[in-house]
Amino acid sequence: MNITQTLGYPRIGKNREMKRALEAYWQGALDRDTLLATFAEVTREGWRAQLAAGIDLIGVGMETLYDHVLDWSVRFDLIPPRFRDLSGLDRYFAMARGVPGIPALDMTKWFDTNYHYLAPEIDASITPQANFGDFLALIREAQAMLGAHVAPIVLGPVTLLRLARLSVDFGEMLSALLPLYRQLLDELKALGVTEVQLHEPALVFGDAAALRPHVEKAYAELSKVGVPLNLVTYFDDLGENYPWIAALPVDVISLDFTRGDNLALIQAHGWPQEKTLGAGVVDARSVWRVRPAETLALLETLRGYAPQMRIGPSSSLQFVPYTAAREKALPAALRGVLAFAEEKLAEVRLLATGETGGMDAPWAEFHAFAPADPAVRSRIESLQPSDFTRALPYAERRPLQVQLPPFPTTTIGSFPQTPEVRRLRARFNKGEISQAEYEAGIDAFIGYTIGVQDGLGLDMLVHGESERTDMVEYFAQKMTGFAFTQHGWVQSFGSRYVRPPIIYADVSRPQPMTVREFRVAQSYTQKPVKGMLTGPVTILNWSYPRADVPRHIIAYQIALALRDEIADLEAAGARAIQVDEPALREGLPLKPDRWDAYLTWAVDAFRLTVGHAAPQTQIHTHMCYSEFQDILPAIDRLDADVISIENARSGDEMLRALAEYGYPREVGPGVYDIHSPVVPTVAFIAGKLASFVQHLKPEQIWVNPDCGLKTRAWDEVIPALRNMMEAVQQVRSKESETRFLHPASLRGNHV
Ligand code: GLN
Ligand code: ZN
């Protein structure tokens with residue numbers, strides 16, 4: 001019988017209590033005490049579940065009002081100057097969300113998950129100080145309920161600094177933090193905790209070797225306290241750093257055995273016999289039950305190396321919903337193989353006790369329920385290189401495509417999702433209105449959206465996506481192979497939760513998904529309307545994929561479904577089609593040496609989607625996040641005719657990089673940040689365009705906002721686009737003068 005442990009648990013409330021409470025609090029409709037009482041209740045519910053499941057060492061400390069990394073910024077008093085006039089919860093939420101005039105901390109993705117954390121911001125004005133009251137109170141409260149089962153979770157110093165926006169020396173700041181960490185460990189020791197989990201996922205990054213002196217120094221210091229330490233890493237293996245990390249002076253090292261290959265490292269280098277291995281063998285980021293044959297064999301092998309072992313989930317369980325048992329609307333055969341947080345706790349326990357006898361049965365039932373689709377499989381097997389390549393190269397197909405004025409203007413796809421749009425969809429979903437009434441309502445929104453764009457004089461229009469709640473869910477609902485939960489929410493950030501679809505079988509497209517709305521939109525205007533699709537990599541990355549088919553094959557299946565959609569859109573008259581891939585960049589593996597493998601299939605999936613588009617069809621793509629510098633060859637290999645990218649919040653690094661690379665096709669760098677309610681001025685946008693012209697050839701440049709407009713209101717969108725059009729008119733006349741006077745500059749790159 002092994003000991004069991006957890007590394008964190010869902011914390012949003014089974015019925016999204018935290019979302020409701022936070023949003024009411026922000027609106028002034030709920031007081032502080034009620035918010036904190038809700039938090040306490042949600043927290044206790046998570047502890048109760050883990051205790052009831054028989055978990056021996058329950059990780060406590062990831063529970064949070066907004067974000068666990070922000071919590072540690074506050075606990076070490078890492079408060080940037082702009083927040084220092086505020087205090088308490090006001091300051092906490094200002095750091096999370098900003099207030100007028102005070103921008104929030106930077107929010108970014110937590111490793112390769114779809115959770116977003118707030119990056120600590122540390123400049124020379126910061127002197128860390130201990131502010132551990134809330135944390136120690138939480139631990140004491142946990143001890144009152146869980147006794148010796150409490151294992152406090154502390155974000156490790158190396159990861160805290162590695163994730164920070166740091167404008168001071170790493171080593172110096174570490175030296176300033178370490179005495180505070182020691183103080184915290186002392187206080188935890190005084191509380192009599194069995195051990196402390198120090199979460200250091202940054203040790204799986206490709207550049208962890210550079211951190212070695214810092215890590216060794218930190219753990220030499222922290223081990224002096226004398227409270228047992230559990231060094232926890234997850235999301236990948238330790239790679240070349242395994243030998244020295246395994247030698248750190250800690251009592252337990254917890255590793256993820258569901259991603260990367262920590263097993264191979266142990267086999268190659270052995271396991272330090274004096275240490276306990278925390279074996280993360282239950283995948284905390286998939287929704288699937290354990291496949292007992294594989295997991296039991298893994299445990300058997302691990303036991304051979306590490307006589308002292310405990311069993312647990314691979315990371316915090318916050319990446320899966322609370323319980324699959326509640327999803328009564330799903331077919332029983334599918335529900336039987338789903339494991340969310342509660343089911344995973346039970347699995348951990350079964351694996352620890354060895355009572356794994358019944359674990360096979362649901363899988364047998366599932367395979368009978370969701371057999372392979374022979375048509376889909378044979379289509380994948382017969383793919384040829386020509387399926388991944390457009391018939392003509394860009395230079396030859398471009399003259400056949402739509403001709404628009406210089407600096408063509410467009411938007412990224414969505415237009416305001418007003419309360420009326422949402423009400424219409426809700427009424428339809430409840431069965432209050434008929435399909436025909438619903439479609440008529442949508443068509444009215446499309447008509448209005450087209451009218452606005454036409455009126456403003458945009459060159460390439462969109463239908464506005466009013467029929468879509470979510471760019472992935474919309475397509476997933478129209479394809480086979482996807483299942484949807486009713487309660488399966490997971491935190492994306494703060495009070496924003498998502499309900500990712502589950503890909504449980506082969507994917508295909510029974511019928512057209514977007515053609516009706518495209519036709520309606522195009523019927524209202526002479527201007528070209530872009531068909532609007534979500535790309536295969538984004539659909540995959542924002543779903544829970546099945547585990548028994550390689551990811552690239554799932555992506556190809558989705559790509560083939562989308563390819564058929566493109567053919568239908570072309571037949572309906574689409575001259576341009578956009579395939580959004582905002583999640584392509586964020587799917588990059590944590591270790592750069594795996595980037596190539598990922599980018600190869602991810603780009604191939606995109607190329608497969610658009611490979612059979614007619615040369616006359618202009619293929620657009622869109623990506624959020626502007627850190628493309630390091631993947632430009634992959635962006636280039638997409639072979640999209642036009643790419644629009646989020647840009648307004650970064651300087652002109654991205655433009656510079658595109659110019660340096662010699663990016664050969666058309667680009668629409670965003671001219672204003674759609675995340676802000678501020679309407680950009682003509683001068684602001686003209687300034688952006690002037691910098692585009694400095695870096696790119698004029699004939700390469702498209703003009704568009706940063707991203708979709710669905711979160712904005714019409715009275716923000718219309719003036720913003722009007723200013724965008726005005727700025728474009730200025731540049732157009734300026735450029736035509738230049739061309740007339742200096743025709744030689746026409747082709748030149750103006751750098
Ligand atoms: N076409 C989508 C929209 O405009 C793109 C969204 C995104 O990039 N995340 O909403
Ligand atoms: Zn975007």
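Both ligands and their constituent atoms are indexed starting at 1 by order of listing.
Judged by the shortest distance from any of its heavy atoms, Lys710 lies outside the 4.0 Å radius around the atoms of ligand 1.
Between the SG atom of Cys707 and the NE2 atom of His622, the angle centred on the Zn ion (ligand 2) amounts to 120° when rounded to 10°.
The residue among Gly413, Cys707, Gly708 with a heavy atom at the shortest distance from atom 7 (C) of ligand 1 is Cys707. The residue from Asp580, Val462, Leu533, Val472 that puts a heavy atom closest to atom 5 (C) of ligand 1 is Asp580.
Distance CG/Leu118 to CG/Leu163: 11.5 Å, rounded to 0.5 Å. To the nearest 0.5 angstrom, Tyr663 atom OH is 11.0 Å from Met654 atom CE.
With no hydrogens or angles considered, a side-chain donor-acceptor pair links His695 and Asp652 at under 3.5 Å.
For the pair Glu465 and ligand 1, the shortest N or O to N or O distance falls below 3.5 Å.
Of the protein's non-hydrogen atoms, the one nearest atom 4 (O) of ligand 1 is Ser414 N, 2.8 Å. Among protein heavy atoms, the minimum distance from atom 6 (C) of ligand 1 is reached at Met471 SD, 3.5 Å.
Screening Arg398, Arg575, Lys530, Arg397 for a side chain to side chain contact (heavy atoms under 4.5 Å, CB included) with Gln618, the sole residue that qualifies is Arg398. For the side chain to side chain donor-acceptor pair (under 3.5 Å) with Ser644, the lone residue among His622, Gln578, His620 that qualifies is His622.
Residue His622 touches ligand 1 through its side chain alone, judged by heavy-atom distances below 4.0 Å. In Cys624, the part holding a heavy atom less than 4.0 Å from any atom of ligand 1 is the side chain.
Judged by the 6.0 Å distance and 45° axis criteria, Arg285 is positioned over the aromatic ring of Phe235.
Side-chain contact between Leu638 and Met623 is present, with heavy atoms from C-beta onward closer than 4.5 Å.
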